[in-house]
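This one's a predicted model, so the numbers in the text were calculated from it and none came from an experiment. Naming: A, B, ... by sequence-line order, numbering from 1 per chain.
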Amino acid sequence: MLSRVGERIYWMARYLERVEDIARLINVHTVLLMDLPEQDEINWFTLIKIFNNEAAYLEQFEHVDEKNIMSFLVADLTNPSSLINVLSQARENARTSLDVLPEEAWEQINELSLMVKASLSAIGNRRRRQNMLLKIMERCQCISGIIDNHMSRNFAYDFTQIGKHIERADMTSRILEMTSLLASDTRGEQVRLHEGILWANLLKALSAQQMYLYEKRTSVSADKALDFLITDRSFPRSLCFSLAIISNYFNYLPDPSEPIALQEQILKNLSAYNPSIIPAADAHIFMDAFQVRLAELHQIVSDKWFHPDFATI
Amino acid sequence: MREVWNEYTPGEFYDELMSTQQQPHLFSFKLVEHLQSMKKKTFARRVRESEIEMRERGITFTVYSDAGNIDRAWPFDIIPRVIPKSEWDSIEMGLKQRNIALNKFIQDIYNDGQIIKDGIIPEEVVMQSKGYRTACKGITPAHGVWANICGSDLVRDDNGVMYVLEDNLRVPSGVAYMLENRKTTKRVLPEIFALHNVRPVSDYPAHLERMLASLRPDLDNPTIVLLTPGVYNSAYYEHAFLAQQAGFVLLEGQDLVVGKDDFVYMKTIHGLERVDVIYRRIDDDFIDPEVFREDSTLGVPGIMRAWKAGKVAIANAPGCGVADDKVIYAYVPEMIRYYLNEEPILPNVPTRLCRNKNELEYVLEHLAELVVKPANESGGYGMLVGPHASTEQLEAFRNVLLANPTNYIAQPTLKLSVTPTNCDQDGIAARHVDLRPFILSGSKTYVTPGGLTRVALVKGSLVVNSSQGGGSKDTWIVDDVTGNEGDA
């Protein structure tokens with residue numbers, strides 16, 4: 001497989017996962033704030049913080065409010081990490097990988113992009129926005145299903161899975177970071193009273209609540225939720241699950257020793273996470289560090305398979 | 001929607017579906033009957049479905065404009081154009097004959113130049129062709145074939161005769177749209193395929209693959225790649241589509257490198273891998289910065305070296321564009337007689353060469369009636385359509401012609417045939433069409449049954465190019481129907 005095509009398909013999968021996760025993130029945040037006693041506008045700003053986008057946002061908007069933040073996160077063409085821009089990146093990468101991608105996958109990505117463009121006007125209205133986000137998540141699941149059921153287990157597939165899981169781990173860790181930040185807010189005496197709701201909503205957003213209850217057989221607490229989403233090896237949205245499964249796909253690729261070494265290190269570090277040592281309110285620091293390691297893993301993948309030194313013959 | 005069709009009139013033109021104003025041809029009778037019997041609402045819904053289908057499948061072409069490049073949905077008209085098999089058989093033979101002669105011509109002029117020595121075509125005519133490449137002298141590609149993929153444009157005059165308007169030999173496009181049009185018709189008008197026996201087109205990618213593989217008779221299973229200029233090319237959708245459908249590796253110049261051993265390699269996650277056949281969709285000018293345009297970033301340095309050494313096959317062969325020239329076009333009937341000792345089955349449009357003094361005089365005198373074309377432009381650019389031009393335009397063109405007569409040819413303004421077309425405001429109305437069949441030549445020659453019908457959607461317009469307001473239609477080759485069967 002061409003290195004360039006490998007890179008495009010990897011990014012296509014990352015961007016698709018990111019689209020779904022941005023939708024999840026906004027969706028959970030909205031639901032969460034409805035449950036909190038004080039609907040402080042400042043809480044919306046957490047969404048900007050976890051993408052490290054504070055400066056870009058303030059350059060464009062004077063006020064921090066739900067409406068502005070939503071247009072920045074979803075519809076803003078000048079914000080490279082807005083949902084609409086991420087989606088068009090996914091589409092562009094798919095469009096340039098049509099020879100390795102199932103036809104139906106391309107059609108679905110194209111349809112998703114038409115649908116989002118047509119419903120951008122909905123983002124100002126909370127109810128319509130939530131509906132739109134749910135539809136986006138559904139479509140992303142559908143695309144993922146097509147890739148799983150129509151694509152041979154070849155290198156192109158391996159790169160879609162590596163991309164998907166690196167992105168998923170990154171985004172899940174940002175969602176955890178956001179929740180941790182909300183919980184650690186110094187004005188959050190009230191928030192802490194509602195901690196159970198906060199973490200239950202988080203599990204719900206990651207479609208993890210049922211599996212959590214099945215696994216832990218106990219009501220939701222911050223420590224247990226964090227433990228589940230970080231270290232559980234059987235739930236496909238936990239950080240350890242993503243990190244562990246990536247090595248399967250690395251192993252199919254030529255000469256994977258370096259990426260695997262780093263992947264093992266990161267996994268070891270994650271598995272060692274202990275909520276009794278790192279309290280939920282400090283988890284965001286752990287997540288920050290994890291995101292840095294993930295970026296290193298991406299760099300190694302890129303250097304190894306996408307941009308190696310081609311010795312000329 | 002009979003009442004809509006009742007207003008239909010082909011005017012003074014030959015009509016592809018109707019034999020008189022209201023009476024369909026025998027071979028299109030059932031189709032027209034069916035369309036007429038549809039409810040207006042049903043028909044409108046099918047039209048809408050076809051538009052959604054094209055948009056959702058992402059079938060687009062790129063329009064370049066000052067405001068940036070726009071991806072437009074492919075314009076498609078759901079009423080098929082129909083050609084009876086008996087007529088098509090002779091068109092197909094004519095296309096094969098023409099293609100064989102053109103390839104013999106290209107082989108000849110890069111080698112012995114016999115046709116020049118025998119005085120059939122003047123040397124300076126060959127040399128003025130922008131597609132002539134000195135670098136190709138002395139080469140013989142596999143099977144002696146240079147133009148492996150050819151898209152000829154056919155037009156029909158009011159006398160019903162089908163003419164060859166031009167031979168597109170460089171990097172002809174449109175075949176993906178031919179396939180997508182058929183797919184869409186099957187989806188939105190599935191019932192009409194029960195009415196006629198329509199020859200299938202969907203095996204084109206397989207024919208293309210076999211033809212390209214035949215360019216390396218020395219290899220069992222050659223690696224075939226499709227070289228695209230990239231996503232900003234107006235035909236990128238087609239490049240990706242063909243790669244996907246035929247199983248080629250879709251790649252760009254940056255993915256290829258030529259080794260010191262003169263083999264061409266692609267950059268893969270396993271390192272460098274050899275490439276055996278390149279289906280290139282890049283013009284000669286850009287293919288190798290070492291030989292042609294130095295500033296090209298789309299091509300592959302050294303690829304001409306690899307081709308000349310026989311280490312890689314390139315389709316179409318570099319230099320084959322020499323025969324894709326409107327002055328050389330005028331000589332094609334002579335070529336057929338010269339190389340094949342046969343009479344041309346498909347006629348050329350009568351063409352006057354402005355390089356001949358007496359013909360130039362005629363052209364200048366009759367400028368307002370003629371179509372004048374430059375030798376080396378495509379897409380309908382740089383030409384004069386006399387009957388549609390203003391006095392100022394005619395005057396300006398006269399000066400252009402006098403300054404550089406050898407670069408121009410002139411043809412009568414054809415009364416291009418029309419066919420019923422769905423037009424928003426005008427209901428079902430007559431619109432002018434042409435036809436682009438595709439001819440594949442390797443160890444064997446194959447012609448697509450039908451091709452891409454392009455239609456000028458603007459009333460009275462003769463311009464069918466999609467970049468200038470043209471649309472397209474599914475094209476059917478159907479079994480002939482005798483009078484008796486038609487009544488049954």
Steps toward side chain to side chain donor-acceptor pair (under 3.5 Å) verdict (B:Tyr204, B:Glu209): CA-CA 9 Å; B:Tyr204 177 82; B:Glu209 194 276 335; over 6 Å; no
Criterion salt bridge (Lys or Arg N to Asp or Glu O under 4.0 Å) on A:Arg293 and A:Glu296, from CA distance to verdict: CA-CA 5 Å; A:Arg293 301 310 303 276; A:Glu296 285 167 19; 3.1 Å; yes
Check against salt bridge (Lys or Arg N to Asp or Glu O under 4.0 Å), A:Lys164 and A:Glu17: CA-CA 6 Å; A:Lys164 175 166 96 177; A:Glu17 180 68 26; 5.7 Å; no
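A donor-acceptor contact under 3.5 angstrom links the side chains of B:Tyr279 and B:Arg281, judged on distance only. No side-chain N or O of B:Ser173 forms a donor-acceptor pair with one of B:Glu238 less than 3.5 Å apart.
When heavy atoms are compared at a cutoff of 4.5 Å, A:Leu101 approaches chain B solely by way of its backbone atoms N, CA, C and O. Contact annotation for A:Glu92: only side-chain heavy atoms (C-beta onward) come within less than 4.5 Å of a heavy atom of chain B. Looking at A:Val100, there are no atoms closer than 4.5 Å to chain B (heavy atoms on both sides), in backbone or side chain. When heavy atoms are compared at a cutoff of 4.5 Å, A:Trp305 approaches chain B by way of both its backbone and its side chain. Using a 4.5 Å cut-off between heavy atoms, A:Phe306 does not touch chain B at all.
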For residues 114-124 of chain A, dump all side-chain donor-acceptor pairs below 3.5 Å to protein atoms at least two apart in sequence or in another chain.
from, atom 1, to, atom 2, distance (Å)
A:Ser119, OG, A:Met115, O, 2.8
A:Ser119, OG, A:Val116, O, 3.4

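Using cut-offs of 30° and 60° for the angle between ring planes, the A:His165 and A:Phe241 rings count as tilted.
Residues A:Ile260 and A:Ser247 approach most closely at CD1-O, 4.4 Å, considering heavy atoms. A pairwise comparison of heavy atoms in B:Ile224 and B:Ala213 identifies CD1-N, 3.9 Å as the closest pair.
The ring-ring contact (aromatic ring centres under 6.0 Å, His included) test with B:His270 is passed by exactly one of A:Tyr252, A:Phe155, A:Phe310: A:Phe155.
Among residues 140-154 of chain A, no residue has any heavy atom closer than 4.5 Å to a heavy atom of chain B. Residue-level contacts of residues 248-256 of chain B with chain A, in order of numbering, are B:Phe248, B:Val249, B:Leu250, B:Leu251, B:Glu252, B:Gln254, B:Asp255; threshold 4.5 Å between heavy atoms.
Within the cation-pi definition used here (under 6.0 Å to the ring centroid, within 45° of the axis), B:Arg274 qualifies as a partner of B:Phe263.
Among residues two or more places apart in sequence or in another chain, the salt bridge (charged side-chain N to carboxylate O under 4.0 Å, His left out) test is passed with A:Lys304 by A:Asp255, A:Glu258.
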